[in-house]
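Data first, discussion second: the structure below is written as structure tokens.
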Amino acid sequence: MTLTQYYVAASMDGYIADEQGSLDWLFQFNDAEGVGEHVQAFMADVGAIAMGATTYEFLLGEGVAWPYPGLRTAVFTHRELPLFPDADIELTSDDVAEVHARLVQAAAGRNVWLVGGGGLVAQFAERGLLDEIWLGLAPVVLGGGSPLLPARLAGTWELRDVQRLGSSFMELRYGRGPQEA
């Protein structure tokens, strides 16, 4: 069964990027014990990606090769953006429910990863299209920036798993509560 998952890391005060849109505060944990293996295990189950324009533009600005080869990716935008060469990217302003159906089909039994941002994830959640939240908590306080989720999600979420990565990084895995299932 295909799950739609928000796999994200946030500061202890709930921000996914600092006030300048930077993730430098997070990159310091890339080499923490178990983080690389954990990311690889998650990615092995991903078959398609949904991404907001700000996240996509961040990747463009990094000057790196497309980090998700072979994965169908829908980038939600109302603008024309440059495309990564040899990447399966669709720029779209279609309704998230329509795009979600296409991504589930492209995922071919694997999962759909909602990369970000929080506003896009909230749109999926509002339509009942978000199954899990995998929330990594980094031991930093940013004091401002891009919020994890800038909207209220209806219902409750059930804690399914807690995992410690290294000496200070933690991941909480939530699924929709029984009344939403």
Side-chain angles (χ1 to χ4, degrees), residues 1-18 23 25-52 54-56 58-59 67-68 70-76 96 99-100 103-104 106-142 145-181:
M1 177 178 118
T2 297
L3 296 173
T4 301
Q5 303 166 310
Y6 184 27
Y7 182 72
V8 63
S11 62
M12 291 191 309
D13 55 344
Y15 296 100
I16 60 175
D18 68 18
L23 298 178
W25 61 272
L26 178 61
F27 294 150
Q28 65 184 309
F29 301 103
N30 283 353
D31 295 330
E33 181 182 338
V35 169
E37 296 84 358
H38 184 70
V39 171
Q40 286 179 335
F42 175 83
M43 291 302 300
D45 291 333
V46 173
I49 295 173
M51 181 181 295
T54 301
T55 302
Y56 182 75
F58 171 82
L59 291 172
Y68 311 115
L71 294 177
R72 175 72 172 162
T73 302
V75 176
F76 287 82
V96 296
V99 177
H100 181 260
L103 291 174
V104 167
R110 293 166 62 202
N111 298 327
V112 175
W113 176 23
L114 306 181
V115 176
L120 177 63
V121 172
Q123 290 179 52
F124 276 81
E126 288 167 0
R127 289 183 175 81
L129 301 173
L130 177 60
D131 299 306
E132 294 184 332
I133 299 172
W134 292 40
L135 173 60
L137 286 177
V140 297
V141 176
L142 298 177
S146 301
L148 172 68
L149 282 165
R152 182 179 176 161
L153 300 186
T156 60
W157 290 79
E158 181 179 83
L159 184 63
R160 304 266 169 88
D161 192 28
V162 177
Q163 186 170 5
R164 183 178 179 157
L165 300 167
S167 63
S168 56
F169 200 87
M170 174 188 294
E171 182 182 80
L172 307 171
R173 185 173 172 186
Y174 291 94
R176 287 191 288 173
Q179 68 272 21
E180 287 84 39

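Predicted model, so just to flag it, every value in this text is computed and none were measured. Only this structure's heavy atoms are used, side chains among them; waters, hydrogens and symmetry mates stay out.
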Considering all heavy atoms, the nearest Gly117-Thr55 contact: N-OG1, 3.7 Å

Plane angle bin for His38 and Tyr7 - parallel if under 30°, tilted between 30 and 60°, otherwise perpendicular: tilted

side-chain contact (heavy atoms from CB on, under 4.5 Å) between Phe124 and Val112, intermediate numbers included: CA-CA 11 Å; Phe124 276 81; Val112 175; 5.6 Å; no

Glu33 atom CD: more than 12 heavy-atom contacts under 6.0 Å: no

More than 12 heavy atoms of other groups within 6.0 Å of Asn30 CG: yes

Minimal non-hydrogen separation, Val121 against Gly116, with atom names: CG2-CA, 4.5 Å

Non-hydrogen atoms of Met51 and Leu120 that approach each other most closely: C-CD2, 3.5 Å

Side-chain donor/acceptor of Arg110 to backbone N/O of Val46, under 3.5 Å: yes

Partners meeting salt bridge (Lys or Arg N to Asp or Glu O under 4.0 Å) with Arg127 (sequence neighbours left out): Asp95

Main-chain N/O of Met43 paired with Trp113 side-chain donor or acceptor, under 3.5 Å: no

Val140 side chain reached by Phe29 side chain, heavy atoms, under 4.5 Å: yes

Residue list, salt bridge (Lys or Arg N to Asp or Glu O under 4.0 Å) with Glu171, at least two apart or on another chain: none

Any donor-acceptor pair under 3.5 Å from Tyr174 side chain to Leu135 backbone: no

Minimum heavy-atom distance between Phe169 and Leu26, given as atom pair plus value: CE1-CD1, 4.0 Å

Chi angles and distances behind the side-chain contact (heavy atoms from CB on, under 4.5 Å) call for Trp157, Leu172: CA-CA 11 Å; Trp157 290 79; Leu172 307 171; over 6 Å; no

Qualifying residues under side chain to side chain donor-acceptor pair (under 3.5 Å), relative to Arg173, sequence neighbours excluded: Glu132

Taking every non-hydrogen atom, the tightest pair across Gly118 and Pro150: C-CD, 3.3 Å

Donor-acceptor pair, side chain of Asp131 and main chain of Thr4, under 3.5 angstrom: yes

Stepwise side-chain contact (heavy atoms from CB on, under 4.5 Å) check, Asn111 with Phe42: CA-CA 9 Å; Asn111 298 327; Phe42 175 83; 6.0 Å; no

Ala122 to Ala151 - nearest heavy-atom pair and separation: CB-CB, 3.7 Å

Whether Arg72 side chain and Leu103 backbone form a donor-acceptor pair below 3.5 Å: no

Any Leu153 side-chain heavy atom under 4.5 Å of Ile133 side chain: yes

